[in-house]
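To keep things clear, I will list the structure first and then write my remarks on it.
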Amino acid sequence: MEQSFYDQVFELVRLIPKGRVTSYGAIAKSLGAGGSARMVGYAMSNASLAYPAIPAHRVVNSTGLLTGKFHFAEPNLMQELLEQEGVVVKNDKIQNFKQHFWDPLVEL
DNA sequence: GGATTGACGTGTC
DNA sequence: AGACACGCCAATC
């Protein structure tokens with residue numbers, strides 16, 4: 001059926017490969033939403049209720065900052081998961097963000 | 001159905 | 001470099 005915008009977001013986020021990250025804006029753009037990056041984040045709000053669990057820790061803002069970490073059950077969990085996947089996080093910000101960036105528009 | 005809301009993005013001061 | 005302002009657009013109240 002007509003999946004809501006954030007239903008599409010959920011699916012796309014689940015497609016993010018391990019050890020890679022992407023930005024809300026990139027997701028929105030790949031869904032044809034253009035500048036509605038906020039919708040992506042808004043969708044992720046429901047991500048906690050979705051199943052299977054959505055790797056929301058792989059989604060950050062354009063600066064590579066872990067903006068949504070406070071929305072996790074445990075704020076430190078987001079950084080932990082990223083580091084486990086080989087992503088270096090310092091001061092709530094992804095290092096070498098460009099290297100780990102996964103662009104849905106390109107990869108898909 | 002208008003107003004409010006956002007896990008954003010980019011530009012300015 | 002840090003803080004502030006405006007724009008975007010769909011979902012929810």
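The shown structure was predicted, so the numbers you read here are calculated from the model rather than taken from an experiment. These values consider heavy atoms only, across backbone and side chains, with no hydrogens, waters or symmetry-generated copies. Naming convention: chains lettered A, B, ... in sequence-line order (proteins, then strands); numbering from 1 in each chain.
- Spacing between atom OH of A/Y42 and atom P of B/dT4 amounts to 15 Å, rounded to whole angstrom units.
- Protein atom CD of A/Q8 is 14 Å distant from nucleotide atom C1' of C/dC9, rounded to whole Å.
- Between A/T63 and B/dG9 there is no side-chain N or O to OP1 or OP2 distance below 4.0 Å.
- Look at CG on A/L31: it is 19 Å from P on C/dC8, rounded to the nearest Å.
- When atom types are taken as modelled, the side chain of A/S23 and the backbone of A/A26 share a donor-acceptor pair closer than 3.5 angstrom.
- When the nearest nucleotides of DNA chain C are assigned to A/N46 and A/A37 by heavy-atom distance, the more 5′-ward of the two goes with A/A37.
- Within the nucleic acid shown, A/S62 comes within 4.0 Å of sugar-phosphate atoms alone, with no base atom in reach, counting heavy atoms only.
- The separation between A/Y6 atom OH and B/dT5 atom C1' is 13 Å, rounded to whole Å.
- No side-chain donor-acceptor contact under 3.5 Å links A/Q79 to the backbone of A/L77.
- Distance alone, capped at 3.5 Å, is enough to place a donor-acceptor pair between the A/R58 side chain and the A/I16 backbone.
- The base of C/dC9 has none of its N or O atoms less than 3.5 Å from a complementary donor or acceptor on the side chain of A/R38.
- As a whole-Å value, the separation of A/L49 CG from B/dA7 C1' is 14 Å.
- Rounded to whole angstrom, the span from the CZ atom of A/F5 across to the P atom of C/dA11 amounts to 8 Å.
- Checked by atom type and distance alone, the side chain of A/T22 never pairs as donor or acceptor with a backbone atom of A/V59 at under 3.5 Å.
- Side-chain atoms of A/N91 never come within 3.5 Å of backbone atoms of A/K93 as a donor-acceptor pair (strictly under, hydrogens ignored).
- Among the nucleotides C/dA11, B/dG9, B/dA7, the one closest to any side-chain atom of A/H71 is B/dA7.
- At C/dA10, none of the side-chain N or O atoms of A/S36 fall inside 4.0 Å of OP1 or OP2 (strictly under the cut-off).
- Within the 4.0 Å cut-off from OP1 or OP2 of B/dC8, at least one side-chain nitrogen or oxygen of A/T67 is found.
- Separating the NZ atom of A/K29 from the C1' atom of C/dC9 is a distance of 16 Å, rounded to the nearest angstrom.
- Atom P of nucleotide B/dA7 and atom CD of A/E74 are separated by 19 Å, given to the nearest angstrom.
- Within 4.0 Å of A/A28, counting heavy atoms only, lies no atom of the nucleic acid at all.
- Between the side chain of A/Y24 and the base of B/dA7, a donor-acceptor pair under 3.5 Å is found.
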